[in-house]
Amino acid sequence: MIPFDFEYYKPTTAAEAGETYQHLQEQGKTVMYYNGGTEFITLARVNQITADAIIDLKGIPEVRALELQGDLLVIGCSVTLNQIAESPYFPLLAQTVKGIADHTSRNKITIGGNLGSRLAYREGVLPLLLTDCKVKVAGGRSGERVVPLTQVFEKQLNLEPGEFLLQILIDQQYLNLPFVHLKKTKHSKVDYPLVSVAALVKDKAIRMAFSGICEYPFRLGEIEEVVNNTTFARKEQLKQVVAKLPAAIVDDLQGSAGYREFVFRNVLRETIDALEWAQK
Amino acid sequence: MTTNQGWKSIGKPEQRIDAVEKAAGTVKYVGDFAVPGMLHAKLVTSTQAHAKILSIHTEEAWKVPGVRAIVTGEMFPYHIGPILADRPPLALEKVRYYGEPIAIVVADHEYQAKQAVQKVQVEYQPLPVVNSVQQAFQTGAPLVHENSGQYMKIISNVYPVPGTNIGSHIKIRKGDFQTAWAGCEETFEATYSFNLTDHVALEPRSTRVEITPSGKVVVHSCTQSPFTIKKVLNQFFNIAVGNIVVHAPLVGGAFGGKGTIQLEPLAYLASKAVGGKLVKLENSREEDLITSPCHIGLQATVSLGATKEGKLVAGKYTFLIDSGAYTDQAAGITRAAALDCTGPYNIPNVWCDSYCMYTNHPFATSFRGYGHPELTFAVERTMDQLAKKLNLDPIQFRLMNTIKPGDTSPTQVLIDSNNIGDATKCIERAKELIAWDQGKRQETAEKKVRSKGISLFWKTSTTATNAQAGVVLTFEADGSVNLNCAAIEVGQGTKTVLAQILAEKLKIDLKDVHVTMELNTQYDPHQWRTVASSTTFLAGRAVLAAAEDAIMQLKKTASIAMQCASEDLDVGGGRVYLKANPEYGVQIKDIALGYKYPNGHTVEGQIIGSGKYVQRHLTPMDEETGFGKPGPWWSVGAQAVEIEWDPADYSYKILKAVTVLDGGTIINPMMATQQMRGGMSLGLSFASSEGFVFDQQGIVQNPQLRTYKIMRFGEQPDEYIVDFIETPNIDGPYGARGIGEYGVIGAAAALANGLSAAAEVELNHLPLLPELIWKAKQGKEVGQ
């Protein structure tokens with residue numbers, strides 16, 4: 001049980017959400033936006049977070065969108081992982097989010113919540129990083145703004161105070177490209193990743209994004225250069241990619257760094273092997 | 001009309017009598033009850049694994065609205081425990097494990113108690129942490145208990161060694177090990193280990209206690225040991241036994257974890273602190289995992305010596321049992337592992353040192369199998385590795401050495417045709433079911449490896465030497481029977497089994513037997529705890545005794561009504577009738593409450609059947625040699641697994657899991673099969689993915705189900721195959737022995753044997769994670 005009192009607000013527009021946030025902040029209260037609530041509830045009951053007020057975003061119409069609007073696939077931040085998993089629009093994203101948690105939890109976890117997660121994995125972002133997508137952000141001083149995802153996501157979601165992710169906008173051309181998603185865990189399929197990879201091929205070049213191997217999810221141009229350099233032997237490619245990882249390989253409860261590297265090499269090899277036909 | 005044909009219940013797969021209510025979700029467990037005016041208690045627990053408590057400041061906690069009392073260790077500065085009284089209910093002067101209860105906050109509402117707990121400030125002075133059994137065993141190791149020599153012994157077979165971390169040292173000395181070992185032609189030795197794990201029952205522990213103005217202590221608890229709660233409150237808290245009433249409803253799973261007494265005394269102290277008001281104390285999942293006791297860890301070294309033909313001659317077993325901060329039932333497990341240390345094999349020369357070790361880990365209690373899954377892992381891995389050395393098939397090697405009538409157990413009990421199941425038949429049947437002869441290790445077309453692993457095991461029920469059960473039967477006006485017995489329904493189906501035994505004996509329909517589901521110690525006959533796979537045996541015999549008593553009374557009343565001799569009558573089909581002319585009889589419903597003559601005179605009154613059964617001829621073990629008779633019989637079994645292992649990434653899948661058990665007559669084959677499946681699930685989960693992880697300071701890193709991983713639905717073996725060999729036992733009800741725990745016992749060993757064969761590397765440590773197999777293949781250091 002959550003052992004502290006907190007206020008609950010459910011605005012009906014994005015602007016109202018931002019105003020409520022600002023208003024509560026001015027009163028000196030700690031405020032949090034939330035969607036599914038899985039993180040808020042599970043962390044609050046073990047005293048790892050507190051808040052004076054929470055703002056439920058699910059009353060804002062745009063957050064429930066899951067549809068094609070012209071050339072764009074529009075996904076609202078409150079769309080649940082199961083809704084995405086069961087939708088036909090973007091198979092790579094559907095498969096990736098399916099691996100994030102068990103079915104019951106996926107009924108509540110939202111894509112916005114996963115991108116904004118306090119846990120480092122944020123696997124939902126991996127396919128998005130491959131699609132040059134944009135996001136619509138709201139609630140801050142600048143009001144609603146549309147920016148490339150990479151402008152507000154670097155290791156984690158970095159927004160201005162009072163801002164929240166409203167929608168994700170993905171250009172159609174990326175939705176049905178050849179793809180691979182692989183996730184390796186310690187043992188059970190339902191667990192945090194040792195290594196999670198999402199990959200697709202655009203214009204004969206493989207794009208890859210990773211989670212679990214380092215402390216944060218990432219996509220690196222240098223790694224893709226190596227992977228798309230077909231003059232290298234596979235073994236050489238694996239060696240170079242490992243050398244180019246942006247941070248130390250994680251060593252934790254899920255697995256040691258040595259074992260993670262072993263798993264990473266396997267996953268990398270499997271991914272490139274599966275997509276090399278599309279590089280030609 | 002003949003009435004004694006077709007009334008068979010033994011051996012029939014009757015539907016469980018608690019199935020409908022459980023499926024409908026209308027069953028209420030202890031924690032489901034809310035009583036107006038009930039107060040709530042929450043525990044302040046230690047954030048250190050080993051530290052002196054310098055001070056406990058409660059001023060801020062008292063400021064939380066609704067707080068009624070805060071209890072700390074000085075309110076009860078004594079030690080309790082079921083075998084060695086070494087544990088203060090609330091930490092006194094120092095804490096010995098991460099999660100140890102330090103104080104209780106009582107408040108009007110649960111959230112207020114939880115808030116106040118956060119505000120209690122404890123000042124610690126850290127002490128050096130004993131973080132493993134190896135470290136605990138070293139001379140000069142920091143001491144978890146400085147005064148273990150002063151603790152009261154509750155039973156005789158516990159031997160602490162003061163000045164060390166040895167909570168108990170149990171010895172087996174049979175034959176002449178040293179000489180025999182020197183003469184062995186072939187020997188093998190290896191060391192095995194695994195860390196502490198947990199029961200993870202569906203229902204977290206919960207209790208509520210009140211003290212009435214007249215001094216009666218009323219306890220509601222999800223316990224396996226209602227009468228032990230009375231004993232503890234009497235022995236340590238000085239309350240007259242007759243003034244303690246314990247209620248136990250259906251329990252939501254236990255696996256041994258609810259056999260010991262921890263929350264009830266805390267709830268009692270909490271109630272006392274608020275003038276006897278009703279107080280509820282319930283564990284969160286995290287508290288259930290580490291504050292309440294868990295399952296032992298182990299480091300075992302097994303050495304076996306044989307002739308070059310493969311006949312076992314000598315065995316040496318050293319068990320270092322991680323008991324955590326307090327001995328609790330781990331001291332009993334230490335003894336149980338010693339007395340059955342060889343496994344079901346004939347070994348004439350046995351040397352065993354079983355040590356119950358103190359560490360600064362959460363303390364351990366009984367866990368399904370009580371020392372046997374643990375010893376079986378070590379013994380069965382050794383059997384496989386010695387078989388390899390001898391160049392013998394692993395099953396052949398076992399068949400050559402199975403214990404038989406005429407041989408003796410490690411404690412020198414003579415095995416006869418009545419007191420043990422048939423290990424040979426079990427392993428031969430398991431061999432068929434796993435298709436052993438069709439290849440033990442094969443590579444598949446998809447470049448995976450399929451392999452099989454096998455294990456053979458036994459267990460005796462080491463009950464107290466005075467363990468007993470009692471049953472009372474009353475009759476309704478319609479001739480149906482109420483069966484009243486203090487067996488606890490923890491999901492094992494005991495109520496159904498006892499009902500079937502009664503239905504068979506009285507020759508009535510199962511639907512005419514009403515078993516009391518809940519327990520009240522004030523009117524239920526005394527019964528030993530529902531543990532040790534002993535309830536069908538003890539309570540089943542008591543049911544039969546009570547039924548015979550009821551039958552005698554039925555015949556007496558009927559003989560008056562029918563004007564004939566009792567001896568000429570028989571009971572069955574709801575009637576009492578003349579053996580010679582079965583059509584001539586009376587309905588039970590017309591005599592169950594007495595017989596009324598036509599003129600109104602009434603004789604005999606109601607039938608009240610009562611019966612009991614007490615263990616026969618059990619003894620404690622000799623301190624130096626272990627000689628003694630600790631249990632009434634052995635059930636035996638064989639288990640096997642078939643796995644598919646991926647050599648590319650070391651992951652694996654369990655395809656088939658087989659259990660063949662000889663537990664005597666099987667009363668309900670459907671329920672017994674489920675018991676075996678559930679046991680395999682528990683054993684395979686334990687072996688494949690469970691284990692607490694400690695940092696350098698002894699802090700548990702995974703005290704949540706998010707990070708303490710158990711087998712999920714969908715991860716269980718594709719196929720569970722169960723079969724039974726039924727070698728009857730003369731003493732058991734209709735020939736039944738005990739079977740409840742056995743599905744767990746050989747699972748870890750079978751899985752480790754199968755994976756070792758697949759990966760072609762010896763896997764001697766649990767859990768069998770892919771990373772562990774990878775490390776072993778790399779030749780890296782594996783283990784604690």
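Naming: A, B, ... by sequence-line order, numbering from 1 per chain.
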Kindly compute the distance separating [atom1] ([X]) from [atom2] ([Y]), expressed to the nearest 0.5 Å.
X      : Y      : atom1 : atom2 : value
A:Y192 : B:K709 : OH    : NZ    : 8.0 Å
B:Y111 : A:I2   : OH    : CD1   : 13.5 Å
B:S284 : A:M1   : OG    : CE    : 11.5 Å
B:L769 : A:Y259 : CG    : OH    : 8.5 Å
B:K114 : A:N47  : NZ    : CG    : 6.0 Å
B:R712 : A:S188 : CZ    : OG    : 5.5 Å

Notebook entry, point to check: Can you tell which of A:K184, A:R265, A:R269 makes a salt bridge (charged side-chain N to carboxylate O under 4.0 Å, His left out) with B:D649?
Noted result: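 With B:D649 as partner, A:K184, A:R265, A:R269 yield a single salt bridge (charged side-chain N to carboxylate O under 4.0 Å, His left out), made by A:K184.
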Margin query: Which atoms of A:V190 are under 4.5 Å from chain B, going by heavy atoms: the side chain, the backbone, both sets, or neither?
Written below: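 Interface part for A:V190: both.
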Checklist line | Portion of A:R45 that has a non-hydrogen atom of chain B nearer than 4.5 angstrom | finding: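 For A:R45, heavy atoms of backbone and side chain both lie under 4.5 Å from chain B.
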Check: Side-chain contact, heavy-atom cut-off 4.5 Å: A:K186 with B:P770?
Finding: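 Side chain of A:K186 against side chain of B:P770, heavy atoms only: no contact under 4.5 Å found.
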More than 12 heavy atoms of other groups within 6.0 Å of [X] [atom1]:
X      : atom1 : value
A:K98  : NZ    : no
A:Y8   : OH    : yes
A:Q27  : CD    : yes
A:K189 : NZ    : no
B:Q716 : CD    : yes

Margin query: For a quick check under 3.5 Å, do B:R706 and A:T42 share a side-chain donor-acceptor pair by atom type?
Written below: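 Per modelled atom types, B:R706 and A:T42 side chains form a pair under 3.5 Å.
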Item checked: Aromatic ring proximity, centroids under 6.0 angstrom, A:H187 and B:Y650 ->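 No, the ring centres sit 6.0 Å or more apart.
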Notebook entry, point to check: Side chain, backbone, both or neither: which part of B:E110 has a heavy atom under 4.5 Å from chain A?
Noted result: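 Both parts, heavy atoms under 4.5 Å.
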Check: With a 4.5 angstrom heavy-atom cut-off, which part of B:E715 approaches chain A: side chain, backbone, both or neither?
Finding: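 Only the side chain of B:E715 comes within 4.5 Å of chain A.
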Checklist line | Shortest non-hydrogen contact from B:W774 toward A:S256 | finding: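 B:W774 and A:S256 have their closest heavy atoms at CZ3-OG, 4.5 Å.
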Item checked: Whether B:Q701 side chain and A:L253 backbone form a donor-acceptor pair below 3.5 Å ->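 Looks like no, no N/O pair under 3.5 Å.
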Next item on the list: Give a yes or no answer on whether the side chain of B:Q115 reaches the backbone of A:P3 with a donor-acceptor pair at less than 3.5 Å.
Entry: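 Yes, the answer is positive, given that a donor and an acceptor are paired below the 3.5 Å cut-off.
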